[in-house]
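Below, chain A is the first sequence line, B the second, and so on; all start at residue 1.
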2 protein chains.
Amino acid sequence: MDRDRGAEASAVPVPPWRTPPKAVNVRQPLSQERIVQTGLQLLDAEGLDGVSMRRVAQELGTGPASLYAHVSGKEELLDLIFDRVLGEVELPDEPDPQRWIEQVRQIAVSAHRVMCAHADIARVALANVPVGPNALRIAEKQLQIMRAGGVPAQVAAWMIDRLSLYIVADAYEGSLLRVRSREGGEQALAEYFGRIEAYYRSLPPDRFPAFTAHVEELMSGKDEERFEFGLDILLAGLARFGRADGAKSPPG
Amino acid sequence: MDRDRGAEASAVPVPPWRTPPKAVNVRQPLSQERIVQTGLQLLDAEGLDGVSMRRVAQELGTGPASLYAHVSGKEELLDLIFDRVLGEVELPDEPDPQRWIEQVRQIAVSAHRVMCAHADIARVALANVPVGPNALRIAEKQLQIMRAGGVPAQVAAWMIDRLSLYIVADAYEGSLLRVRSREGGEQALAEYFGRIEAYYRSLPPDRFPAFTAHVEELMSGKDEERFEFGLDILLAGLARFGRADGAKSPPG
DNA sequence: ACCTGAACACCGTTCAAGT
DNA sequence: ACCTGAACACCGTTCAAGT
């Protein structure tokens, strides 16, 4: 009998008066995983302000109330997205006492780059202490490297905190400029800095002698350059506490 | 004729059927000054989230739309409040080349203290580049001091930027903890850190050997202590660029 | 157990209309 | 010129009711 060969039967058009099954995959059940993933997509597409409970729910084809079964609230959702992003940070396999400063530096640069690649997600880390698995993984590695480099435990412990504050703050600050340039184009960003520079130049030199004399220097340098400048200042300050031979790549 | 002696006439009760004049001083006209002042009061009383256009308007006995005649929007209002706060920062009169690092340090500490004294206002400085008169006054002084200390112009210019980023970021981070403790009492803050510490101790030592071995060091130190630790690391890194004799107070 | 519609108590900003 | 009521287009979270 032919009527049991389902595969071939489906090649024939379905009679239009039959109610089609509800769109496939829309009934894929909600989960924390799916919510975080959707939040991350929204973050990348529209920035952190685009990640609202309502928008995430909409994207998942449901109402905002449904999210609360899988996530305690907006804060937890953002924490989860942040830690997922931190998962992209690359770490060296083993601490190398000969190159401890370079290793600390590489992790810092990688973390900075990763956060910068995801809009203004860094704001989340400023708002609460990150305790997700990836945050811990990174901090653990930094601590191991500094200890291997001979840095005293108390200094190393506080330095992790100070370093991550610096990285996160710079990433956040820079991301706001990037948001500005995405919204108004490259041109808007240039205009913004142009206005500031013009304002600096217009200041009265008698009250702002140093400022007006150094507008050039104040405005120079790209994001990355300034970040690494500050990072190297911090690392130079740290170097005194550890093995001297680990400080092979001193800044200017 | 008695009916012209207004002063004495007002001692007699007004006939109750007369409409009384609208409450005195409520008709004090709106001004940017009054709006900023009210915003600052709200900031101190309820934190930055308490400063909404609607709340400020309410406090002034008017509707939110009325504020837009004196302030372009919320962002400008917050900028104005921030710069007013910066007015409290103390600056030395003259740059002293013998003590340049100490002077840079004092300004940094003062700015940090001032921001910490006004809830989470520091968030404003992370969101946009401060260009108010008081921000400029402080930056100008820092620049003068570093130049007097022999720091090259490019290093000094970038250092102002990095220093203020560090100060603002720490003040903001700390303010969020202070908000937490104000809302839930000293006890809530202790509980929060207690939870974190307990979580650190509960981590598997094989995967987090350094972390679990140094929970004590990771949790130690008050806000101010940690801030000054990082500040001194930065200043030690900076010291190499200027006059050696200005670095009289090196950190640990 | 999981999901949802509707409601609550808010936002910043705009605009036509009033004085 | 200055001020305002009402509206617009949003928020995060809660809760009773549904399946």
* CD of A:Glu88: more than 12 outside heavy atoms within 6.0 angstrom? -> yes
* To do: Return the value, rounded to whole Å, for the distance between atom CD of B:Gln58 and atom C1' of D:dT4.
  => 16 Å
Side chains of residues 43-59 of chain A: which donor-acceptor pairs under 3.5 Å do they make with residues two or more places apart or in other chains?
residue: A:Asp44; atom: OD1; partner: A:His118; partner atom: ND1; Å: 2.7
residue: A:Asp44; atom: OD2; partner: A:His118; partner atom: ND1; Å: 3.4
residue: A:Glu46; atom: OE1; partner: A:Arg55; partner atom: NH2; Å: 3.2
residue: A:Glu46; atom: OE2; partner: A:Arg55; partner atom: NH2; Å: 2.4
residue: A:Ser52; atom: OG; partner: A:Arg55; partner atom: N; Å: 3.1
residue: A:Arg55; atom: NH1; partner: A:Gln58; partner atom: OE1; Å: 3.2
residue: A:Arg55; atom: NH1; partner: A:Glu59; partner atom: OE1; Å: 2.9

* Asked: Should A:Ser66 be listed as having a side-chain N or O under 4.0 Å from OP1 or OP2 of C:dT4?
  -> yes
* Structure fact -> B/S/- along nucleotides 6-19 of chain C (protein heavy atoms under 4.0 Å) is -B---BBBBB----
* Structure fact -> Residue pairs meeting ring-ring contact (aromatic ring centres under 6.0 Å, His included), one or both in residues 186-208 of chain B, sequence neighbours left out, come to B:Tyr200-B:Phe211
* To do: May I ask you to evaluate whether A:His70 reaches the phosphate of C:dC2, defined as a side-chain N or O under 4.0 Å from OP1 or OP2?
  => no
* **Pair A:Arg162-B:Asp170, side chain to side chain contact (heavy atoms under 4.5 Å, CB included): steps then yes or no** => CA-CA 9 Å; A:Arg162 300 292 92 182; B:Asp170 187 89; 2.6 Å; yes
* Run the numbers on B:Leu203 and B:Arg207 for side chain to side chain contact (heavy atoms under 4.5 Å, CB included), then give the verdict. => CA-CA 8 Å; B:Leu203 291 170; B:Arg207 285 176 52 208; over 6 Å; no
* To do: Kindly write out the residues that satisfy side chain to side chain contact (heavy atoms under 4.5 Å, CB included) with A:Gln32, not counting sequence neighbours, or none if the list is empty.
  => A:Val36, A:His70, A:Val71, A:Glu76, A:Leu80
* **P gap between D:dA9 and C:dC10, integer Å** => 22 Å
* Set of residues satisfying side chain to side chain contact (heavy atoms under 4.5 Å, CB included) with respect to A:Asp223, sequence neighbours excluded -> A:Arg178
* Asked: Whole Å only: how far is the CG atom of B:Leu60 from the C1' atom of D:dC3?
  -> 13 Å
* Asked: In terms of side-chain geometry, is the basic nitrogen of A:Glu224 or A:Arg113 positioned less than 4.0 Å from the acidic oxygen of its partner?
  -> yes
* Want to know the stems of DNA chain D: at least 3 consecutive Watson-Crick or G-U pairs with distances under 3.5 Å, which are they? -> C:4-8 with D:12-16, C:12-16 with D:4-8
